[in-house]
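Heads up, the thing below is written out as structure tokens.
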Protein chains: 2
Amino acid sequence: MKKKDLTKETKILDATVAIIINYGASAISTTKVAKHVGISQSNIYLYFEDKQALLEGVYLREISRLEETPEMKLVMDADRPIIERCFNYLKAMYDFAMANPYSLFVISQIKGLSKSFPDLIEKLVSGHNPVATLFEDGVQAGVLRSIDRSLPMTLIFSVIQRHVENVQNGSYAKNVVSFEELSRLIWGGIAIVPYPSHLLHS
Amino acid sequence: MKKKDLTKETKILDATVAIIINYGASAISTTKVAKHVGISQSNIYLYFEDKQALLEGVYLREISRLEETPEMKLVMDADRPIIERCFNYLKAMYDFAMANPYSLFVISQIKGLSKSFPDLIEKLVSGHNPVATLFEDGVQAGVLRSIDRSLPMTLIFSVIQRHVENVQNGSYAKNVVSFEELSRLIWGGIAIVPYPSHLLHS
DNA sequence: TTGATAAAAGATAAGCCTATCTTTTAAGGA
DNA sequence: TCCTTAAAAGATAGGCTTATCTTTTATCAA
């Protein structure tokens, strides 16, 4: 019997991402994805139940890429000092976003696609959300501002995403806005302790 | 001869907004909008050149609503102290967003719809963009952080939008996160002078 | 009252979309 | 080598979409 091509699922996800990057998530169709991969349109349904599942697959893979970063793993190490973990979280997000300039864009595109998507995504992600714990620890320790964590999380995500977009579309050069400048902006918002300059070069 | 119904353009825009609120901007079609208004689909083309123009119309109207707020007009008064103008800008954005809970959502939905939309929108809004001047003045006066203004602008927009969304979907009650708490978060990010508590009740 | 005129509705072409069903193809085991 | 079986391609139904073209309707002016 014939076996499934195990690389094909990846290829389909890659093609979907490519289309989102170039035309936005609303432009996604199984027809276009199939054409991009070079397979028949119906073939996609052997790897994904429907279009919704395909989009969820892209979303989840992108989230995992972020979470499985070595730097991000380190952030989640509860033995390290909390201020260091919070700061390194910013650095990890920044490094990831710069290394994967379209990742945050793809995530936000899928999130914003359908009104019902955000709820669904909460379900998909919740449970195994280690960032939530980090924020709670940070507040407890008096490092982070005591406020619903969705607000600082949104702040971090959108500011970094915007920065990467600015660099990407040539609005300014990469070095015009350094990590220090960007993280000072973010830190000023989310934290209630002074900016930890000493952690910059570690 | 027959005259155009001058209220119809408004009705079409309203219907478009309603659909965006309920199903997201990707769900917009002239068919659905027409059905919602109770007119024929082709009738829409008498008021808007094409679907793109319709979406631009919605976008521009929403931006205008925000800019034409009395509070926002006050913010742009260059005779007032700059720290007051900056702070009142936050208050104006907050009040507007709370009074029009879906306005920022609609704006961001349209912005994120097509990859080519952002550029177009910059063109549409720039030129008559008084907020840019406010930010420049703020930096010059040593009130605001010296950084590309798109970053603090994104910060303000996304944090307030998120807050309104949280309230809207019952994530927390309106009074759980006060304007003071929210504006302290934002101010900590964008400003380099202490939070102006004295401006809270004016 | 009638005629000119523009708005509104109706009809339609051409295309894309999803999801399913059917047919072909190819790989591995017997 | 041949047969089984699942993957892949093909075909298709049914629906929605945009934009244009044609026909009807209603209003204003003469």
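Below, chain A is the first sequence line, B the second, and so on; all start at residue 1. Bear in mind the structure is a predicted one, so any value in this text is a computation, not a measurement.
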Output yes when at least one side-chain N/O atom of A/Ser40 is less than 4.0 Å from OP1 or OP2 of D/dG10, else no. no
Using 30° and 60° as the class boundaries, would you call the ring planes of B/Tyr94 and B/Phe179 parallel, tilted or perpendicular? tilted
Rounding to a whole Å, what distance do you find between B/Ile39:CD1 and C/dG10:P? 12 Å
B/Ile44 atom CD1 is separated from D/dC21 atom C1', nearest whole Å, by 17 Å
Length of the line joining B/Ile19:CD1 and D/dT17:P, which is rounded to integer Å: 10 Å
Report the distance from atom NZ of B/Lys51 to atom P of D/dT17, rounded to the nearest whole Å. 8 Å
If you apply the rule side chain to side chain donor-acceptor pair (under 3.5 Å), what do you find for A/Ser26 with B/Ser26, and how did you get there? CA-CA 6 Å; A/Ser26 66; B/Ser26 66; over 6 Å; no
Between the side-chain atoms of A/Gln41 and the base atoms of C/dA19, is any donor-acceptor pair under 3.5 Å? yes
I want to check one thing: is the phosphate of C/dA9, taken as OP1 and OP2, less than 4.0 Å away from some side-chain N or O of B/Ser42? no
Taking only side-chain nitrogens and oxygens of A/Tyr45, does any of them come within less than 4.0 Å of OP1 or OP2 of C/dC21? no
Just to confirm, is there a sub-4.0 Å distance from OP1 or OP2 of C/dA8 to any side-chain nitrogen or oxygen of B/Lys8? yes
Compare side-chain N and O positions of B/Thr30 against OP1 and OP2 of D/dT18 and report whether any pair is under 4.0 Å apart. yes
Taking OP1 and OP2 of D/dT17, is either one under 4.0 Å from a side-chain nitrogen or oxygen of B/Lys32? yes
Between C/dT18 (C1') and A/Lys35 (NZ): distance, integer Å: 14 Å
Using the rule given for salt bridge (charged side-chain N to carboxylate O under 4.0 Å, His left out), can you reason through B/Arg65 versus B/Glu62, listing the C-alpha separation, both sets of side-chain angles and the distance that settles it, and then say yes or no? CA-CA 5 Å; B/Arg65 279 155 57 101; B/Glu62 227 55 42; 3.1 Å; yes
Between D/dC16 (C1') and B/Tyr23 (OH): distance, integer Å: 16 Å
B/Thr31, nearest nucleotide to its side chain (from D/dA8, D/dT17, C/dA7): D/dT17
Is any side-chain N of the basic residue among B/Lys73 and B/Asp77 closer than 4.0 Å to the acidic one's carboxylate O? no
When the distance from CG of A/Leu54 to C1' of C/dC17 is rounded to whole Å, what number comes out? 14 Å
Please work out if A/Ser29 contacts a base, only the sugar-phosphate, or nothing of the nucleic acid, heavy-atom cut-off 4.0 Å. sugar-phosphate
Grab the CG-P distance between B/Leu46 and C/dA7 for me, whole Å please. 5 Å
Test salt bridge (charged side-chain N to carboxylate O under 4.0 Å, His left out) applied to B/Arg61 and B/Asp14, step by step: CA-CA 10 Å; B/Arg61 189 178 67 157; B/Asp14 289 345; 2.9 Å; yes
Identify, between A/Glu49 and A/Ala27, the residue whose nearest nucleotide on DNA chain C lies closer to the 5' end. A/Ala27
